[in-house]
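Here's the structure we're looking at; comments come further down.
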Amino acid sequence: MISSIKGTKDILPPEVKKWQLIEKIARETFELYGYKEIRTPIFEATELFEKGTGETSEIVIKEMYTFIDKGGRSITLRPEGTPGVVRALIEHRLYLKSTPLRFYYIGPMFRYDKPQKGRYRQFHQIGLEVFGEEDPAIDAEVIEIVDFLLKRLGISQIEILINSIGCKKCRPPYLEILKVEAEKHKKELCPDCQRKVYTNPLRIFDCKKEKCINLADNFPKIIDYLCNECKEHFSKLKNYLNLYGIEYRVEPKLARGLDYYTKTVFEFISKKLGAQDAVLGGGRYDDLVKIFDGPSLPGIGFAIGAERLISLLPEEFEEKEDLLYIAYLGDEAKKETLSILRFLRKKNIKCIAEFKDKNLKNQLSRANKLNAKWVLIIGEDELREKKYKLKDMEKGIQKELNKEELVEELTKKL
RNA sequence: GUGAGCGUAGCUCAACUGGUCAGAGCACCGGACUGUGGAUCCGGAGGUUGGGGGUUCGAGACCCCUCGCUCACCCCA
């Protein structure tokens, strides 16, 4: 038996309903704020991610699905959405147009990770990017959009973490200070963190070992070393969030894994998710467009993990489907059924029949199992009278109707 | 990439320390009930116990290898 590849999974019809729900509500919400959908390829030149996502990010170092195609080009399945959108923005000179540079996307991403709860090799992100807005008001708006979206989906008990990780002016000097401080305590840190002192000192704050946590608590925090511009940006962001009445927690240890972030970074977390507690993450990336030889254009965005979002969805109660099941008795009735199916579908009525030539009891039982809301009964009497029996499966009552009345009755209830 | 736990019917799980152990419930199909569903009763189908090798008179169980799943680490959505 051939099974699906490790870290990938099939999404079967009952679960697909949830996907359709979150996709629909996400689209509606983003469009409400003036965002437009953008669809970029799921594979790109490897270089795009090396330059964009960043050569020192874990994603690029060890998590990319990279292969050489038949033309000898190095191709990578996208591990995240932002670089592709930035590439499209530059390639099509979208920044020259007057339309707002507000985009959202929904689609699969790929990372060669070891699968666990909330983490898959093919997963899906619902992402959003804005370009050309310097003002922290847009940072706040972006956070507010997600907050609104989650509320619309009925998801609660989410904590919002924000931080500022500075810009290319203030971060490098801070990292030096942090490195010096961390070196002093190097021997007390765990082996992983000892390595991080040189490779990525900010990541020491991510360590879950108690000893490292305690030590890191006393290390200097970037938030205390921001330049005036970053400090003011962060302070304004907090004010706007307060204005929206959005609760958040400033988490000075929040670092994020992508190299391109500047100033604002944020994460929405839920305790229900397990070890991978982030349902979405995002931040500002003021230098990214420039990195790809585009104009000097600031950007900010986030990506929601669709699988994680779905796992937070409240349990929905099961409803009868708006489905009509046609039960027929005999060959003549079968022919009539075929024509009525066609007729009703043209009128946008969802209907099915199963062609097993079974008795009525059996067909009703099948309709019940399929969760159909109505059953139309066609037998000899009905053929003769040209009136069919429509049974409401919830109420158990039935009416005699001709074709026209039937359409009227069914569309009324839809 | 590292570590731990687990793989028995479509699903959830039984089978004492290796000795009729290949089972139950749910789901599925059929019948009781030939034009009226959900209930009940009866019956049926469905498994080389993830795969391979070994130990043994005998392995679902023990050992080795392998694949997969789950969770955690690393890191992230």
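On a predicted model such as this, the values are computed, not experimentally measured, just so you know. Proteins come first, then strands; the chains are lettered A, B, ... in the order of their sequence lines, and each starts at number 1. Quick note: numbers below take in every heavy atom, side chains included, and nothing from hydrogens, waters or symmetry partners.
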Nearest to side-chain heavy atoms of [X], which nucleotide of [options]:
{"X": "Arg111(A)", "options": "rG37(B), rG35(B), rA77(B)", "answer": "rA77(B)"}
{"X": "Gln398(A)", "options": "rA77(B), rG35(B), rU36(B)", "answer": "rU36(B)"}
{"X": "Glu382(A)", "options": "rG35(B), rA77(B), rU36(B)", "answer": "rG35(B)"}
{"X": "Glu63(A)", "options": "rC75(B), rG35(B), rU36(B)", "answer": "rC75(B)"}
{"X": "Lys117(A)", "options": "rG35(B), rC71(B), rG31(B)", "answer": "rC71(B)"}

Can you sort out the partners of [X] under ring pair (Phe, Tyr, Trp, His ring centres under 6.0 Å), two or more places apart, ordered by chain and number?
{"X": "Tyr260(A)", "answer": "Tyr285(A)"}
{"X": "Phe103(A)", "answer": "none"}
{"X": "Tyr174(A)", "answer": "Tyr225(A)"}
{"X": "Tyr112(A)", "answer": "Tyr65(A)"}

Are [X] and [Y] ion-paired here, with the side-chain N under 4.0 Å from a carboxylate O?
{"X": "Lys253(A)", "Y": "Asp217(A)", "result": "yes"}
{"X": "Lys184(A)", "Y": "Glu181(A)", "result": "yes"}
{"X": "Lys24(A)", "Y": "Glu28(A)", "result": "yes"}
{"X": "Lys335(A)", "Y": "Glu332(A)", "result": "yes"}
{"X": "Glu394(A)", "Y": "Lys373(A)", "result": "no"}
{"X": "Asp331(A)", "Y": "Lys334(A)", "result": "no"}

Students often get this wrong, so: under 4.0 angstrom with heavy atoms, is [X] touching a base, only sugar-phosphate, or nothing?
{"X": "Gly118(A)", "value": "base"}
{"X": "Glu380(A)", "value": "base"}
{"X": "Lys6(A)", "value": "sugar-phosphate"}
{"X": "Gln122(A)", "value": "nothing"}
{"X": "Lys361(A)", "value": "base"}
{"X": "Ile377(A)", "value": "base"}

Residues in contact with RNA chain B, drawn from residues 142-168 of chain A - heavy-atom cutoff 4.0 Å: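 Of all residues in residues 142-168 of chain A, none places a heavy atom under 4.0 Å from RNA chain B.
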
Looking at residues 276-283 of chain A, who's got a heavy atom less than 4.0 Å off RNA chain B?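 When residues 276-283 of chain A is checked for heavy atoms under 4.0 Å from RNA chain B, the hits, listed by number, are Gln276(A), Ala278(A), Val279(A), Leu280(A), Gly281(A).
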
Considering only nitrogen or oxygen atoms on both sides, find all protein atoms under 3.5 Å from nucleotides 26-29 of chain B and state each distance.
| unit_1 | atom_1 | unit_2 | atom_2 | d |
| --- | --- | --- | --- | --- |
| rC29(B) | OP1 | Arg366(A) | NH1 | 2.9 |
| rC29(B) | OP2 | Lys369(A) | NZ | 3.4 |

Would the number of heavy atoms belonging to other residues, nucleotides or ligands and lying under 6.0 Å from CD of Glu380(A) be above 12?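 Count not over threshold, so no.
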
More than 12 heavy atoms of other residues, nucleotides or ligands under 6.0 Å from CD of Glu31(A): is that the case?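 Enclosed.
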
Between [N] atom [atom2] and [X] atom [atom1], what is the distance in whole Å?
{"X": "Tyr328(A)", "N": "rG35(B)", "atom1": "OH", "atom2": "P", "value": "14 Å"}
{"X": "Phe49(A)", "N": "rA77(B)", "atom1": "CZ", "atom2": "P", "value": "14 Å"}
{"X": "Ile61(A)", "N": "rC75(B)", "atom1": "CD1", "atom2": "P", "value": "10 Å"}
{"X": "Asp113(A)", "N": "rA77(B)", "atom1": "CG", "atom2": "P", "value": "11 Å"}
{"X": "Tyr388(A)", "N": "rG35(B)", "atom1": "OH", "atom2": "C1'", "value": "17 Å"}
{"X": "Tyr325(A)", "N": "rG38(B)", "atom1": "OH", "atom2": "P", "value": "14 Å"}
{"X": "Glu267(A)", "N": "rA77(B)", "atom1": "CD", "atom2": "P", "value": "7 Å"}
{"X": "Tyr120(A)", "N": "rC69(B)", "atom1": "OH", "atom2": "P", "value": "12 Å"}

Where does RNA chain B pair, written as one dot-bracket string 5' to 3', with Watson-Crick or G-U pairs under 3.5 Å, ( ) inside the strand, [ ] for crossing pairs and | for another strand? (((((((..((((.....[...)))).(((((.......))))).....(((((..]....))))))))))))....

What residues, two or more places apart in sequence or in another chain, satisfy side chain to side chain contact (heavy atoms under 4.5 Å, CB included) together with Glu176(A)?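 Scan of Glu176(A) (side chain to side chain contact (heavy atoms under 4.5 Å, CB included), adjacent residues dropped) gives Lys179(A).
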
For Glu141(A), what residues pass the side chain to side chain contact (heavy atoms under 4.5 Å, CB included) criterion, not counting sequence neighbours?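 Here the qualifying residues are Tyr33(A), Tyr35(A), Arg102(A), Ile138(A), Ile145(A), Tyr244(A).
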
Determine all donor-acceptor pairs shorter than 3.5 Å in which one atom belongs to a side chain in residues 1-12 of chain A; sequence neighbours excluded.
| unit_1 | atom_1 | unit_2 | atom_2 | d |
| --- | --- | --- | --- | --- |
| Ser4(A) | OG | Thr8(A) | O | 3.4 |
| Thr8(A) | OG1 | Ile5(A) | N | 3.3 |
| Thr8(A) | OG1 | Ile5(A) | O | 2.6 |

Nearest nucleotide by nearest heavy atom, which residue falls closer to the 5' end of RNA chain B, Tyr112(A) or Gly396(A)?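 On the 5' side of the pair lies Tyr112(A).
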
So for Gln363(A) and rU36(B), does any side-chain atom that can act as donor or acceptor lie under 3.5 Å from a complementary atom in the base?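 Check fails, no donor-acceptor contact within cut-off.
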
Atom pairs under 3.5 Å, N or O on each side, protein against nucleotides 2-12 of chain B: can you list them with distances?
| unit_1 | atom_1 | unit_2 | atom_2 | d |
| --- | --- | --- | --- | --- |
| rU2(B) | O4 | Lys114(A) | NZ | 3.1 |

Check: Leu178(A) and Ile204(A) side chains under 4.5 Å, non-hydrogen atoms: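 SC-SC contact between Ile204(A) and Leu178(A) ruled out.
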
